[in-house]
Amino acid sequence: MLRKIGIGVLVSGSGSNLQSIIDHIEGGKLDAEIRIVLSNNPEAYALERCTKHRIPTAVVDHCRFASREEFDRRVIEVLAASGVELVVMAGFMRVLSSEFFRAFPMKIMNIHPALLPSFPGIHVQQKAVEYGVKFSGCTVHFADEGVDTGPIIIQAVIPVDPDDTADTLAARILKEEHRIYPQAIQYYAEGRIEIEGRKVRVRDGRRMMESALHNPPLTRF
Ligand code: GAR
């Protein structure tokens, strides 16, 4: 059996991605141990999920800090004191400072509800629907100092229907987020991830299928 990797999960809200990580750990599919769940929002529902599963939590309320750097320093302290080896941002709605990336170099993952590099930032499901893209999706990537710019680990592609609203699309994207995040963490836990500049290679991984995706589907061509 693999040694379990110690993760720290950063949350701000509902925590459905956190729940998926918990479920995959409890189901024996993800070789990780949640050392701490840290929220910047004292009201986050994610914290209640932790109580149910007896997972240690910390609240570091950004409103109580004079600067981003001071807030980040406190978050780094808490994560380090908990023995965190990999930081997992799961709906964490704060931009991190350089100090954070120096403290955990290429050891911070983020999930984003769009097919990066399209639609970085916020309200991205709405933006994808308004733009009229035929596919959107979700991306797990290593976080770097840019906004949603770091090396991409795994993506899921979701077809977009002309009748989709931001909510219907977000719900379908979220379902896939709950699959690809545990997978990305498991690749990391297995020590299979190699980073070459912007490219992430998963050693001994299966390669993607060769056929293209079309939306709407091709009828004659
Ligand atoms: C998820 O859709 C996640 O991709 C997104 O927030 C949601 C959190 O949901 N994150 C971002 O937009 C970060 N830029 P959850 O709290 O239920 O996991």
Side-chain angles (χ1 to χ4, degrees), residues 7-26 30 32 34 36-53 55 57-62 68 71-72 75 86-97 100-101 104 108-131 133 135-160 164-185:
I7 64 173
V9 186
L10 304 185
V11 296
S12 298
S14 147
S16 72
N17 276 289
L18 166 69
Q19 187 68 56
S20 167
I21 292 167
I22 295 171
D23 293 345
H24 281 84
I25 291 174
E26 291 185 351
L30 176 51
I34 302 179
I36 189 95
V37 170
L38 186 150
S39 175
N40 65 305
N41 168 15
E43 308 292 325
Y45 180 66
L47 295 168
E48 284 184 40
R49 298 181 191 269
C50 294
T51 313
K52 285 186 200 139
H53 293 269
I55 294 168
T57 59
V59 174
V60 182
D61 185 347
H62 61 278
R68 190 181 296 286
F71 167 77
D72 278 11
V75 175
L86 176 72
V87 180
V88 173
M89 296 203 281
F92 185 63
M93 296 311 204
R94 303 288 304 166
V95 174
L96 300 170
S97 65
F100 209 100
F101 297 100
F104 294 98
I108 308 167
M109 283 187 191
N110 183 42
I111 189 150
H112 182 74
L115 267 189
L116 292 172
S118 291
F119 308 116
I122 56 171
H123 305 309
V124 296
Q125 299 94 336
Q126 181 70 36
K127 287 175 187 162
V129 164
E130 281 170 8
Y131 197 95
V133 291
F135 290 101
S136 186
C138 44
T139 304
V140 178
H141 63 96
F142 286 107
D144 66 8
E145 295 199 27
V147 175
D148 303 321
T149 52
I152 292 171
I153 302 164
I154 184 168
Q155 294 186 302
V157 178
I158 318 278
V160 183
D164 262 317
T165 63
D167 286 347
T168 59
L169 179 59
R172 290 209 308 288
I173 291 176
L174 202 54
K175 251 176 136 174
E176 286 304 313
E177 292 186 39
H178 297 163
R179 301 176 71 197
I180 66 171
Y181 219 174
Q183 173 69 83
I185 299 166

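Ligands are counted one by one from 1 in listed order, and the atoms in each one are counted from 1 as well. Just so you know, these numbers come straight off a predicted model, no measurement behind them.
For atom 14 (N) of ligand 1, the closest heavy atom belonging to the protein is His112 ND1, 3.6 Å. Given atom 7 (C) of ligand 1, the protein heavy atom at minimum distance is Gly91 CA, 4.3 Å. Looking at atom 5 (C) of ligand 1, its nearest protein heavy atom turns out to be Pro113 CD, 3.9 Å. Regarding atom 1 (C) of ligand 1, its nearest protein heavy-atom neighbour is Glu177 OE1, 3.2 Å. Looking from atom 17 (O) of ligand 1 to the surrounding protein, the closest heavy atom is Ser16 OG, 2.6 Å. Summary of contacts: the protein heavy atom closest to atom 16 (O) of ligand 1 is Gly15 N, 2.8 Å.
Note on ligand 1: Met93 sits in its first shell, one or more heavy atoms being nearer than 4.0 Å.
Other residues, nucleotides and ligands contribute only 12 or fewer heavy atoms inside 6.0 Å of the NE2 atom of His123.
The NZ atom of Lys52 sits 12.0 Å away from the CG atom of Leu47 when rounded to the nearest 0.5 Å.
Taking any N or O of Ala90, backbone or side chain, none lies under 3.5 Å from an N or O belonging to ligand 1. Considering backbone and side-chain atoms together, Asp148 places no N or O closer than 3.5 Å to any N or O of ligand 1.
Between Glu130 and Lys127 no salt bridge is recorded (no basic side-chain N to carboxylate O distance below 4.0 Å).
In the candidate list Val95, Val147, Ile111, Asn17, Asn17 is nearest to atom 9 (O) of ligand 1, counting heavy atoms.
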Handout entry: side-chain hydrogen bond (donor to acceptor under 3.5 Å, both in side chains) between Ser12 and Asn40, worked out
Key = CA-CA 6 Å; Ser12 298; Asn40 65 305; 2.7 Å; yes

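Minimum heavy-atom separation, Ser136 to Val160: N-CG2, 3.5 Å. The shortest heavy-atom contact between Pro113 and Ile173 is O-CD1, 3.7 Å. Among all heavy-atom pairs drawn from Cys138 and Glu176, the shortest one is SG-CB, 3.8 Å.
Using cut-offs of 30° and 60° for the angle between ring planes, the Phe119 and Tyr131 rings count as perpendicular.
At a 4.0 Å heavy-atom cut-off, ligand 1 does not touch Ile122 at all.
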